[in-house]
Amino acid sequence: MEILRIENLSFTYPKNDKKALDNVSFSIEEGDFVLVCGSSGSGKTTLLRTLKPEIAPYGEKNGKILFCGEELSSLNSLKTAGEIGFVSQQPEQQIVTDTVEEELSFGLCGICTDREKIRRRVGEVVGYFGIEGMLGKKTSELSGGQKQMLCLASVMAMNPRVLILDEPTSQLDPISAVEFIFALKRLNRDMGLTVIISEHRVEELFVAADKIAVFDSGCLISFGSPYSVGEYLASSPKAERASLMLPCATKIFRGTGGVGRAPLTVRDGREYINKNFKNGVCKKVVPGAQAHEKADVAVRLDKVCFKYGRERPYVLYDCSAEINRCEIFAVLGGNGSGKTTLLSIISGLEKPISGKVDILGKNINKYKGNSLYRGVLSALPQDPQELFIGESGREEIEQVCQDKEKAEAMARTLEIDGLLDRHPYDLSGGEQQRLALCEVLLTEPKILLLDEPTRSIDAFYKKVLAEKLRALKNDGVTVIMVTHDTEFAAEVADRCAMLFGGELTPGERPEEFFSENDFYTTQAARISRGSFENAVTPEQVIGLCQKNKAMEHERQNEKK
């Protein structure tokens, strides 16, 4: 049974000539699990919000949206509020009450459910999602993963027929993200719930989905099964950018000249390598010399301790680290492990209870006034909106840099030059992230702190960001990056460390760090494990496969 039909849907935001959605048409059957993907600003969020009348964007809309055969705009608000659920990428903005129990009840109260039904429904979703331990807690005490699960449970308490999610895993660590996606698949399987989800982290979802919709510049360029969409992305010149989001197994298959149906999963990718390349003698990536191994230390932490309030537990305890000048240092760890707090300590926004912090060989307490932020250190916060105070993107970058040519050149590098006349809050999440990054880079710091820099950024712009960070490193900038994006860290970082139990593990090369991890690791490391020793990126796996293939040819020729 068809539950949603979109017919010739177009949408244009006020004071903008370019269509955010351009003549989009497709249909979704009841019980479908649909992944919506595409580059930043391609129209994904606009589409999802038009499917939820209560939060539909303001602008000019043409075309039809039919829900169970009826025009969506004509339906009773109580029906759409209850039957179409929505989970955003920022749980803090969706949570409206002080306690977990109140939050679970809030939506039910809004659709006039009687008190006994509310209690029963709350009890049911608490048991289903296994969140009994969260009851009685304040919502402000929850970790990012817990908040996102609470938002999901609160929406599901209203018993929707369609669940829409806009990048729900963008703030979650790898383990929490997998758990969240598993919860969605369970809802889809057990209840026949129709799920429509937009994501940039598509490795797990690409296989989980029944259908995939790929957007580019407001247009739907591909819609179908994961295999059919994968074939299109791998072969169509029009989808060159979008093809960067293909699963790692497919990239390896294409990069090694695989013939036939491309693998999508880690299991299938491992089987492909074992069958075709395992017998080669080249099993290990030989990394280049560690740059700046004996360089001066840019940031030194010496037994730093910190907690929020006297009665609260320590977030950092005896945390020590040395981060060299001219290196990219990635910090990974679970939600609530203290990664953002660590950056706040380094940037001087929080003061440690004990221990010492040195910045460029000078105690942080000796930087008086705003001297620390004048060409020494700059930080990109997790929420880019924290930086925005102007009425347009142009105002934002020009308040940071008086040199208009330099500001516009940086905007072109990050491909936001066409967005500068729009209000920052009218941009997509990925576009906001790039605008905030542009502001931070224009301050020309010696030390750059990045809190989840790839959040809401698609695969193409991750490549752009990686190139920019390498260029900054070559120009003498130290980059300290907190991230859940293991793939990006493996590609760009010089050293990686885990923050756990209030302490940082010793920094290691990505090849060492990710190849020895089981959960905080990359898809390439999982696929190549057992065949190769330390390949952690698709490029490294492809390189080893090609070397082994060449060696096998040499052996065959020698036998002849």
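When a residue number appears, it is its place in the shown sequence, counting from 1.
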*Sub-3.5 Å donor-acceptor pair from the side chain of Glu503 to the main-chain atoms of Leu316, do we have one?*
no
_Check whether Thr486 reaches the backbone of Thr521 with its side chain - one donor and one acceptor, N or O, closer than 3.5 Å._
yes
*Is it true that the NZ or CZ of Arg241 lies under 6.0 Å from the centre of Phe460's six-membered ring and within 45 degrees of the ring axis?*
yes
*Flag the pair Ile328 / Leu472 as yes when at least one side-chain heavy-atom distance between them is below 4.5 Å, and no otherwise.*
no
*State, without any angle test, whether Thr45 and Asp166 hold a side-chain donor-acceptor pair at a distance under 3.5 Å.*
yes
*Phe33 CZ to Ile212 CD1 distance, which is reported to the nearest 0.5 Å*: 10.5 Å
_Please find the pair of heavy atoms, one from Val87 and one from Val155, that lie closest to each other, and give the distance._
CG2-CG2, 4.0 Å
*Going by an N to O cut-off under 4.0 Å, is there a salt bridge joining Arg161 and Glu30?*
yes
*asked:* Can you confirm whether the side chains of Ser225 and Asp210 place a donor and an acceptor under 3.5 Å from each other?
replied: no
*Do you know the tightest heavy-atom contact between Lys147 and Thr139?*
CE-O, 3.4 Å
*Are a donor atom and an acceptor atom from the side chains of Ser428 and Glu431 found within less than 3.5 Å of each other?*
yes
*Flag the pair Glu29 / Lys211 as yes when at least one side-chain heavy-atom distance between them is below 4.5 Å, and no otherwise.*
yes
*Hey, are Tyr232 and Ser243 close enough side-chain-wise for a donor-acceptor pair under 3.5 Å?*
no
*Report yes or no: do Glu511 and Gln540 form a side-chain donor-acceptor pair below 3.5 Å?*
yes
*Under a 4.0 Å N-O cut-off, is there an ion pair linking Asp494 with Lys473?*
yes
*Over 12 non-hydrogen atoms of neighbours within 6.0 angstrom of NZ in Lys547*: no
*Nearest heavy-atom pair of Val195 and Leu184: which atoms, and what distance?*
CG2-O, 4.4 Å
*Heavy atoms of other groups near Glu240 CD, more than 12 under 6.0 Å*: no
*Among all residues two or more places apart in sequence or in another chain, which pass the ring pair (Phe, Tyr, Trp, His ring centres under 6.0 Å) test with Phe223?*
Phe26
*Check the pair Phe277 / Tyr272 against ring-ring contact (aromatic ring centres under 6.0 Å, His included), numbers first and verdict last.*
CA-CA 8 Å; Phe277 303 102; Tyr272 168 71; 5.8 Å; yes
*All pairs passing side chain to side chain donor-acceptor pair (under 3.5 Å) where residues 33-44 contributes a residue, at least two apart*: Ser40-Asp458
*Ionic contact status for Glu179 with Lys185, cut-off 4.0 Å*: no
*Tell me the side chain to side chain donor-acceptor pair (under 3.5 Å) pairs involving residues 81-92, sequence neighbours left out?*
Lys79-Glu83, Ser88-Gln94, Gln89-Ser456, Gln90-Gln93
*Using distance alone, with no hydrogens and no angle criterion, decide if Thr256 and Gln546 have a side-chain donor and acceptor under 3.5 Å apart.*
no
*Aromatic Phe253 / basic Arg261 pairing, under 6.0 angstrom, 45° off normal*: no
*Do Ile175 and Asn335 have side-chain heavy atoms sitting under 4.5 Å apart?*
no
*Taking only Lys NZ, Arg NE, NH1 and NH2, and the carboxylate oxygens of Asp or Glu, determine whether Arg470 and Glu467 approach each other closer than 4.0 Å.*
no
